Amino acid sequence: MEYKDATAEDLLLVPSFINYINRSNPDDVNFWENWISANPEKQPVIQQAVTLHRQLGYFFVVHEDNGSNVSRFKESFRHHTMRRKRLPGHLFYYSGIAASLLLALSFWLFQSRNKAQAPAPEQTYVSKPVSDKQHHTLPDGSRVILNPNSTIRLAEDYNDSDRVVYLEGQAFFEVKKDAARPFIVRSGKIATTALGTSFMVRYFPKEEKIRVSLVTGKVKVEAAVAKGPANSMLVLSPGEEVRVGSKQQDHHLKKTIFPTADVAEWKNDHLLFRDAAFTEVTKKLEEWYGVRITLNNRPLRTKHFTGEFRGKRLSEVLDALSFSNDFNYTMGGDRVAITFR
């Protein structure tokens, strides 16, 4: 679709643009960031659409077969926008609130008329950086453990003909068996399909690799390419793991063996180090807590560490480590800076 002539109300009726605003789909975010960079003259329209969306506080779900309702929605949008522009000074704020409420109500009424045809609303589960792992039960009874700094989003038609979940971050899935509805996890360019099994997927856009680790059952892992090579699809058995480069042009799926005990420890919040080098410690902390750790004033030699933590926050682990390695640390969002004294 061509968007160069799109108005703010046009953009608010584009699902991928709403995903871009909500940062709920990495592919849509990437598309719109690239499009905006290539069309800088559209910045005022983009900002207008974003501002209105935030005023409404409403997640739009648009369907192509809803043409008459969309037209009426756009007419309502223009009507209230023009009234706002004509109002002076102190009335502008209140008219903006009224217009937003009327617009949301109008769109809700339009959508409710097609309620029988509309799918169930999306469900999104988000965990913040350095928070505790989150446990969720999905509508079909499948269970998921969500790592810090991770997001899963259920497709609108989840549990209809299939069960599609979009993941950014790391999560462990225990899938309820249902032969008629395959369970599919989409993480970047990788699709992992299972009927009844338990497995872990790790996909952070900034990392070089996507990983799928199978604990029980079987899963099929595919690279999302139209005509991929023979190694763009693999079937895993328990104890096997697939790793693939996160770049779109890398379709080579590499199967390796991994210790399933590591997944059990992760599920049970049992963090264990046995004579681990400091680089090994920080790498594991990054994976467990969904953070990025930078080291400042690092000495030539650091002490190995042996320790065991159950259900501890990252700050508690870092406090213990700082005693043996003599460092200070600061935390902000998903970033941790360690400075050796």
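Remember, predicted model here, so these are calculated numbers, not experimental data.
In this pair, W35 and W32 present their aromatic rings perpendicular. The plane angle is above 60°, beyond the 30 to 60° band. Taking the six-membered ring where the residue is Trp, W266 and F172 present tilted rings, their angle falling between 30° and 60°.
At a threshold of 4.0 Å, the pair D162-R181 does not count as salt-bridged, since none of the basic side-chain nitrogens sits closer than that to a carboxylate oxygen. Under 4.0 Å is where a charged nitrogen must lie from a carboxylate oxygen, and between E265 and K267 no such pair does. Salt bridge status for D334 with R292: absent, with no side-chain N to carboxylate O gap under 4.0 Å. Here D326 pairs with R341 in a salt bridge; the nearest charged N to carboxylate O distance falls below 4.0 Å. With respect to K209 and E207, no salt bridge is recorded, no charged nitrogen being found less than 4.0 Å from a carboxylate O. We find that R211 and E241 are joined by a salt bridge, their nearest charged nitrogen and carboxylate oxygen being less than 4.0 Å apart.
A donor-acceptor pair is defined here as one N or O able to donate and one able to accept, closer than 3.5 Å; such a pair exists between the side chain of S150 and the backbone of P148. Remark: side-chain polar atoms of R153 are not paired, donor with acceptor, to backbone N or O of L167 under 3.5 angstrom. A donor-acceptor contact shorter than 3.5 Å links the side chain of R202 to the backbone of E287.
Aromatic rings from F340 and F278 are positioned such that their centres are separated by under 6.0 Å.
Under 3.5 Å, the side chains of E156 and Y158 contain no donor-acceptor pair of N or O atoms. Counting only N and O atoms by type, the side chains of N149 and Y289 include no donor and acceptor under 3.5 Å apart.
In terms of heavy-atom proximity, A6 sits nearest to K42 at O-NZ, 2.8 Å.
For the pairing with T193, the side chain to side chain contact (heavy atoms under 4.5 Å, CB included) check across I184, V219, V164 returns one residue only, I184.
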